[in-house]
Amino acid sequence: MRLATWNVNSVRARVDRVVAFLERSQTDVLAIQETKCRDEQFPVGAFEAAGYEVAHVGHSAWNGVAIASRVGIADVEAQFAGQPGFAKPAVPAADDAPAEAPDPEPAATLLDVPPPVEARALGATCGGVRVWSLYVPHGRAVADPHYAYKLAWLGALRRAAADWLADDAAAQVALVGDWNVIPLDTDVYDPAAFAGHTHVTPAEREAFAAFADAGYAEVTREHLPAEHTYTYWDYQQLAFPRNKGLRIDFAYTSPALRERVTGVVIDRDERKGKGASDHVPVIVDLADAATPAPRGSRA
DNA sequence: ATGGTAGAGTTTCTA
């Protein structure tokens with residue numbers, strides 16, 4: 001089975017390119033990020049015409065994650081257990097009197113309404129694999145509330161992922177997508193350019209590495225360990241021709257699924273030409289699920 | 001020359 005992940009940066013702007021990729025690469029299951037559309041806007045017809053079923057969650061022109069599969073799609077979940085929402089911080093009026101003590105009992109409505117969960121995670125079982133299409137929050141800036149949200153989001157995902165393994169140590173789970181973390185200095189064209197920015201802080205790198213502590217293996221680096229192997233190039237300043245990229249798209253797998261990985265391909269050619277996404281597909285090839293060997297058949 | 005790209009709810013936001 002061929003499993004891939006791709007931040008497409010608008011599925012409507014790139015539907016022809018995405019379907020062409022599916023057919024050319026013979027991908028069975030594609031996790032898609034940044035669809036940038038609501039559910040009713042998703043161009044599902046083009047996928048169905050190519051033989052793929054689609055599950056999607058999208059609330060607006062931002063975020064949006066999907067899974068397209070030609071090996072079945074079942075038990076769809078539009079968020080993981082404990083997935084945090086993002087609450088816009090209250091903006092005090094410019095003439096707020098600082099002398100006044102804060103209200104010890106804020107309006108009940110503010111406490112009763114949980115922050116909205118964004119369309120950043122979609123789970124579905126495809127061909128026997130529990131696939132999660134993930135679009136980790138960007139963080140924007142270290143001092144921005146979105147940065148704390150990013151760390152909380154990664155922590156919550158790790159706890160959920162650990163629970164899945166605790167429930168079933170043999171589970172076939174793939175956590176794939178745009179992680180918005182640069183795990184190593186060799187995953188960025190120039191570490192100095194990111195000093196003081198998000199994606200490279202110790203807290204983000206620890207939050208990313210914690211998935212390994214939870215029992216998952218990041219298989220794209222296992223199979224493609226070369227330094228400066230990028231999956232994203234900014235649209236600006238000729239970043240792609242100058243190969244000023246980032247490695248931020250990854251695939252963590254459970255132990256049972258890791259055993260099935262036979263290879264990984266980063267489809268760098270998809271960054272070329274007019275109408276490319278700023279990310280390229282990351283492809284994980286899986287051997288057929290092992291069948292129990294007859295007793296005593298092998299050492 | 002303080003920009004530069006792309007997509008979307010385009011009189012501005014997000015990345």
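Source: prediction; values computed, not measured. Order of the sequence lines fixes the chain letters, A, B, ..., with proteins taken first and strands second; residue numbering starts at 1 for each chain.
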d([atom1], [X]; [atom2], [N]) in whole Å:
X      : N      : atom1 : atom2 : answer
A:F86  : B:dC13 : CZ    : P     : 15 Å
A:N9   : B:dG7  : CG    : P     : 7 Å
A:F240 : B:dG4  : CZ    : C1'   : 19 Å

### Passing option when A:N243 is tested against A:Y230, A:Y189, A:W233 for side-chain hydrogen bond (donor to acceptor under 3.5 Å, both in side chains)
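Answer after filtering A:Y230, A:Y189, A:W233: A:W233.
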
Exactly one of A:V18, A:V282, A:I32 clears side chain to side chain contact (heavy atoms under 4.5 Å, CB included) with A:W6, and that residue is A:V18

Exercise for the section: Sticking with atom P, work out how far B:dT11 lies from B:dT2, rounded to a whole angstrom. Expected result: 24 Å

Spacing of the P atoms in B:dA1 and B:dT10 (rounded, Å) = 34 Å

Assert: residue with more 5' nearest nucleotide on DNA chain B, out of A:G139 and A:R12, is A:R12

Of A:Q41 and A:L238, the one whose closest nucleotide on DNA chain B sits nearer the 5' end is A:L238

Any idea which of B:dG7, B:dA15, B:dA6 is nearest the A:Y235 side chain?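 My answer, after comparing the listed nucleotides, is B:dA6.
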
(Q) Under 6.0 Å from the ring centre and within 45 degrees of the ring axis: does the NZ or CZ of A:R158 meet both conditions for the six-membered ring of A:F211? (A) no

### Query
Within less than 4.0 Å of OP1 or OP2 of B:dA6, is there a side-chain N or O belonging to A:R14?
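Checking B:dA6 against A:R14, no side-chain N or O comes under 4.0 Å of OP1 or OP2.
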
| message | Looking at B:dA15, I'd like to know if its phosphate oxygens (OP1 or OP2) sit under 4.0 Å from a side-chain N or O belonging to A:R140. | response |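 Answer yes for this pair, as a side-chain N or O of A:R140 is under 4.0 Å from OP1 or OP2.
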
Looking at every strand, decide which applies to A:Y135 at a 4.0 Å heavy-atom threshold: base, sugar-phosphate, or nothing. sugar-phosphate

Would the A:F80 and A:W153 ring centres measure less than 6.0 Å apart?
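Between A:W153 and A:F80, which both carry aromatic rings, the centre distance is below 6.0 Å.
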
